[in-house]
Amino acid sequence: MEKKRVAVIFGGQSSEHEISRVSAAYVINQIPADKYEVLMIGITRQGRWLLYSGGTDAIKDGSWENDTNNKAAFIAPDSSIKGLVVITEGCCKIIKLDAVFPVMHGKNGEDGTIQGLLELAGLPYVGCGVLASADCMDKIVANTIFESLGIDQAAFTWCYASDYTKNPEQCIADIEAKLPYPIFVKPSNAGSSVGISKAADREALKKAIAVAAKEDDRILFEETITGKEVECAVLGNDEPVASIAGEIAPASEFYDYDAKYNNAASQLFIPARISEEIMSKVRSNAVRAYRAIGCTGLSRVDFFVTADGRVLLNEINTLPGFTSISMYPKLMAASDVNGSELVEKLIHLAFERS
Ligand SMILES: Nc1ncnc2c1ncn2[C@@H]1O[C@H](COP(=O)(O)OP(=O)(O)OP(=O)(O)O)[C@@H](O)[C@H]1O
Ligand SMILES: [Mg+2]
C-alpha cells in the first residue's frame, strides 16, 4: 500500500505558539512511519511558512527556525494543486498532499482561519471545520449558542470594551445587575487563560476589564462557579465517543497560564474524583455539546462539577493541548486509545469527513 502524505503544521502567530510546537513534536512522533510520510511545516511568530526536515527536538525548543535546510513553502489555496508550493532558488516545486494535521492552538490555528485555507485547498484535515472552530474559539459566541440550546453553564453577560470606555458607569451597572461578585472577566477571544481575571469587587472589575481589553474588544463576564474542573476528550464525526473524564486540581486560585504550563503542582486525576452518575452525565453532556456546535474529529470539552451535582459546561477546545502530559491524549489512553492509534484515528476521521 502506498504511503499517504500528511503535512503537520505547527507554531503560528498565536499566544500559544510554544505549546503548539510541543504538541506537534508529540503528534509527529506518534504518526506511524510505515503508513504515512510526514511533512513538517512550521509557521514562525512573524507568520513565515517554512518546510522543515529536521528532528522533533528542535521543534520543541524552537531552534527548528534556524535550520539551513528550511525552505519557504505554503499550502496553495488553488484546489487544483492540492498541496504544497515549495520555493527554492526562485523556482517553485509542488508537493501533493493527502491530508493536513494542523497542530496549532489559539488564534490563527484553532479559530477557523487555517481551516478556511484548507477548505479552499480542497485538502482533508484533522479536527473541526471552519464554523465549529470559530464558534468555539469565541467565548461570547459559544456561550450564546449553548444558552440557546439549553446546555447548562455559568450565568454570563458581555460588553464591548469600546462601549465601556465611553460609559463605564452604565456598563458596570449592567454587569452588577446580572451577576454577583466574584465575577470572572475574560476576553472573548484569547485562550490559555490570557487576559482572564477574577474580580472580587467593583474596583477589581474595572482593572480586570482593562486587562481583558488588551486582548479583545469584546469582554465576557461570568458568574464564578465553585467546583471541580472536569474534562472529557471527545473523538469522532457523526457518532462521537467521549472518554472517561479527568479532573484538574489547579495549583493556584484558578487554572491560569502559569498553573497550566509553569507550575508542576497542578494535579491531574484520571478518572475524575466524581460519582459514577456524575461521570455519565459529564460524558453525555460532552457529546451533546460537541454535536450541538458541530465539532468533528476531536475536541476537549471542559466542565465544572459543583458539590451539589450540577454539571456546567465551561468551554470546548477544538485543538486541545497534545503533548505527552496533556489531558486529551491522557484521557484517550485511559480509554484504551494510545498515542499512535489516536493520531491514526484522527487522520482517518479527516478522510471520512472530506
Ligand atoms: N465561571 C468560572 N467560574 C470559576 N472558575 C472559572 C470560570 N471561568 C473560568 N474559570 C477558571 O479559569 C480558567 C481559565 O478559563 P477558561 O477555560 O475559560 O479560559 P481559556 O483561556 O480558554 O483556557 P484554555 O483554552 O487554555 O482552557 C478555568 O480553567 C478555571 O480555572
Ligand atoms: Mg479552559
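All values derive from a computational prediction rather than experimental measurement. Just so you know, ligand 1 is whichever comes first in the structure, and atom 1 is the first atom listed for that ligand. When reading the values below, keep in mind they use all heavy atoms of this one structure, side chains included, and skip hydrogens, waters and symmetry mates. The first residue in the sequence is number 1, and the count goes up from there.
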Next on the checklist: With a sphere of 6.0 Å drawn around OH of Tyr160, does it hold more than 12 non-hydrogen atoms of other residues, nucleotides or ligands?
Outcome noted: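 Counting other residues, nucleotides and ligands, OH of Tyr160 stays at 12 neighbours or fewer.
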Next on the checklist: Can you confirm whether more than 12 heavy atoms, excluding those of Arg48, are under 6.0 Å from its CZ atom?
Outcome noted: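 Open.
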Checklist entry - Which bit of Glu223 is near ligand 1, meaning a heavy atom under 4.0 Å away: side chain, backbone, both or neither? => result backbone
Checklist entry - What part of Ile196, side chain from CB on, backbone N/CA/C/O, both or neither, has a heavy atom under 4.0 Å from ligand 1? => result side chain
Checklist entry - With a 4.0 Å cut-off on heavy atoms, is Phe304 touching ligand 1? => result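 Phe304: in contact with ligand 1 (<4.0 Å).
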Checklist entry - Going by heavy atoms, is Lys139 under 4.0 Å from ligand 1? => result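 In this structure, Lys139 qualifies as a contact of ligand 1 - some heavy atom is under 4.0 Å.
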Next on the checklist: Would Thr224 count as being in polar contact with ligand 1, using the rule that some N or O on each side must be under 3.5 angstrom apart?
Outcome noted: no
Item to check | ligand 1 to Asn314 polar contact by distance, N or O atoms, under 3.5 Å | outcome: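 Yes, at least one N or O pair falls under 3.5 Å.
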Checklist entry - Is Glu315 close enough to the Mg ion (ligand 2) to have an N, O or S atom under 2.8 Å? => result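 Yes - counting backbone and side chain alike, Glu315 has an N, O or S atom under 2.8 Å.
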Say whether, by atom type as modelled, one donor and one acceptor occur between the side chain of [X] and the main chain of [Y] under 3.5 angstrom.
X	Y	value
Glu247	Phe269	no
Asn108	Ser14	no
Thr296	Gly127	yes
Ser284	Ser280	yes

Checklist entry - Has Lys186 got its NZ or CZ under 6.0 Å from the middle of the six-membered ring of Phe156, at an angle within 45 degrees of the ring axis? => result no
Checklist outcome for this item: Min over Glu315, Lys186, Glu231 of heavy-atom distance to atom 18 (O) of ligand 1 lands on Lys186
Checklist entry - Which ligand 1 atoms, with their elements, are less than 4.0 angstrom from a heavy-atom of Arg300? => result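 Under 4.0 Å from Arg300, ligand 1 has these atoms: 27 (O).
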